[in-house]
Protein chains: 2
Amino acid sequence: MKQVVVGVEEVATVLKLLGDKTRLTIMALLDNNDCCVCELVEIFQMSQPAISQHLRKLKDVGLVKETRKAQWIFYSMNKEHEMYSLIKDILAHIPDQQEKLKELEKKGTKISCE
Amino acid sequence: MKQVVVGVEEVATVLKLLGDKTRLTIMALLDNNDCCVCELVEIFQMSQPAISQHLRKLKDVGLVKETRKAQWIFYSMNKEHEMYSLIKDILAHIPDQQEKLKELEKKGTKISCE
DNA sequence: TTTTTATATAATTATATTATTATATAATAA
DNA sequence: TTATTATATAATAATATAATTATATAAAAA
């Protein structure tokens, strides 16, 4: 992957955003799947506004994108972001988080949004 | 470099620490040179206690080590830390910071501590 | 021994962050 | 149209972070 070098300040901003367990895990999930808010609420057992606010922060710097599909809003990784190669490098250091989605399916809780 | 995979929580902790411009730059400097506190104070134009407190946070999780040499305390990167490969991957994304040290030398301000 | 220099720590203050509760909006279902 | 569902936003409260000022410690110099 191309090694993009950007300013210290920009990198620090991204690191601060990913320096939160919830947001870091969200990014790991979004790297492989798009997710809607209700799935994330289920996975993290956290209030809907809390999840929305984490997503907002990630969206504000353009790291994730949102797409409305009917009543649901799906979030996805912005792989065109100039920081995406940094994100990938970081995610390579944490364990796969996809089981969290699989568990949701098993529990049948796999929410309406599909 | 070996790709060490550790827990999400631990990675988030490191990212939060490096999610500060000053600490991120300190880490970039220490990756190539040991530095004493007074040099960092000069470079960052920041109070001595402020620098000491940043160093303390990095030391508390073991990312940096300190060595006393006479009246000075030199800080260095702990390259044996299990997170060091993550650190390296991150530092690859920011510009070289060594000129900051060179500037110090030029200014002749290159402090007593050598 | 006293003074000076380098650094750490404690106390404080200002600011930022995170989560909760309450409310608004937008789409669908009844 | 009204009710319901999914999500966002605003207000608030609790907590964390970062910087400053004041003080302590440890080594070296006088």
Side-chain angles (χ1 to χ4, degrees), chain A residues 8-9 12-27 29-30 34-76 104 109-114, chain B residues 8-9 12-27 29-30 34-76 104 109-114:
Chain A
V8 177
E9 191 117 37
T13 301
V14 170
L15 298 181
K16 178 174 282 184
L17 277 170
L18 300 211
D20 171 280
K21 196 185 171 184
T22 304
R23 285 192 298 264
L24 181 57
T25 309
I26 288 177
M27 291 297 274
L29 284 166
L30 294 185
D34 295 359
C35 291
C36 76
V37 181
C38 63
E39 287 173 310
L40 298 173
V41 168
E42 260 306 306
I43 289 174
F44 292 99
Q45 296 284 77
M46 198 175 277
S47 74
Q48 175 267 315
I51 295 293
S52 273
Q53 285 167 44
H54 282 304
L55 289 168
R56 175 80 132 90
K57 288 179 187 179
L58 295 171
K59 201 189 62 177
D60 279 351
V61 300
L63 289 178
V64 306
K65 297 180 291 187
E66 57 172 50
T67 319
R68 172 144 235 152
K69 283 184 192 163
Q71 70 260 226
W72 301 287
I73 296 179
F74 282 79
Y75 283 84
S76 60
L104 263 200
T109 322
K110 177 77 177 183
I111 326 290
S112 40
C113 55
E114 11 182 53
Chain B
V8 177
E9 192 117 36
T13 301
V14 169
L15 298 181
K16 177 173 283 183
L17 277 170
L18 299 211
D20 172 279
K21 196 186 172 184
T22 304
R23 285 191 298 263
L24 181 57
T25 309
I26 288 177
M27 291 297 275
L29 285 166
L30 294 186
D34 296 0
C35 290
C36 76
V37 181
C38 61
E39 287 171 312
L40 297 173
V41 168
E42 260 307 305
I43 290 174
F44 292 100
Q45 296 283 76
M46 196 173 279
S47 74
Q48 174 267 313
I51 295 294
S52 272
Q53 284 167 46
H54 283 303
L55 289 169
R56 175 78 133 89
K57 287 179 188 178
L58 295 171
K59 201 189 62 175
D60 280 350
V61 300
L63 289 178
V64 306
K65 296 179 291 185
E66 59 172 45
T67 319
R68 173 143 234 153
K69 283 185 191 161
Q71 68 258 228
W72 302 287
I73 296 179
F74 283 78
Y75 283 84
S76 59
L104 263 202
T109 323
K110 177 77 176 183
I111 325 290
S112 41
C113 55
E114 2 185 59

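First the proteins, then the strands, lettered A, B, ... as listed; each starts at 1.
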From [atom1] of [X] over to [atom2] of [N], roughly how many Å is that when rounded to an integer?
X: Leu40(B); N: dA6(C); atom1: CG; atom2: P; result: 14 Å
X: Lys57(B); N: dA8(C); atom1: NZ; atom2: P; result: 15 Å
X: Trp72(A); N: dA27(C); atom1: CH2; atom2: P; result: 14 Å
X: Arg56(B); N: dA10(C); atom1: CZ; atom2: P; result: 7 Å
X: Phe74(A); N: dA26(C); atom1: CZ; atom2: P; result: 20 Å
X: Ile73(A); N: dT28(C); atom1: CD1; atom2: C1'; result: 14 Å
X: Gln53(A); N: dT17(C); atom1: CD; atom2: P; result: 13 Å
X: Glu66(A); N: dA26(C); atom1: CD; atom2: C1'; result: 13 Å

Counting any heavy atom closer than 4.0 Å, what does [X] reach on the DNA or RNA strands: base, sugar-phosphate only, or nothing?
X: Lys16(A); answer: sugar-phosphate
X: Ala70(B); answer: sugar-phosphate
X: Tyr75(A); answer: sugar-phosphate

If I compare all heavy atoms of [X] with all of [Y], which pair ends up nearest, and what's the gap?
X: Trp72(B); Y: Cys38(B); answer: CD1-SG, 4.5 Å
X: Leu24(A); Y: Ala12(B); answer: CD2-N, 3.8 Å
X: Glu39(B); Y: Asp34(B); answer: OE1-O, 4.2 Å

dT9(D) pairs with which nucleotide, Watson-Crick or G-U wobble, both distances below 3.5 Å? dA22(C)

Would you say Arg23(B) places a side-chain N or O within less than 4.0 Å of OP1 or OP2 belonging to dA18(D)? yes

Can you find a heavy atom in the side chain of Met27(A) that is under 4.5 Å from one in the side chain of Val64(A)? yes

Closest to the [X] side chain: [options]?
X: Pro49(A); options: dT20(C), dT18(C), dT7(D); result: dT20(C)
X: Met46(A); options: dT7(C), dA19(C), dA18(D); result: dA19(C)
X: His54(B); options: dA22(C), dT28(C), dA19(D); result: dA19(D)
X: Ser52(B); options: dA8(C), dA26(C), dA8(D); result: dA8(C)
X: Gln71(B); options: dT17(D), dA6(C), dT7(D); result: dA6(C)

Is there a donor-acceptor pair under 3.5 Å between the side chain of Arg68(B) and the backbone N or O of Ala70(B)? yes

Under 3.5 Å, is there any donor-acceptor pair linking the side chain of Gln48(B) to the base of dA6(C)? no

Nearest nucleotide by nearest heavy atom, which residue falls closer to the 5' end of DNA chain D, Leu55(A) or Ser47(B)? Leu55(A)

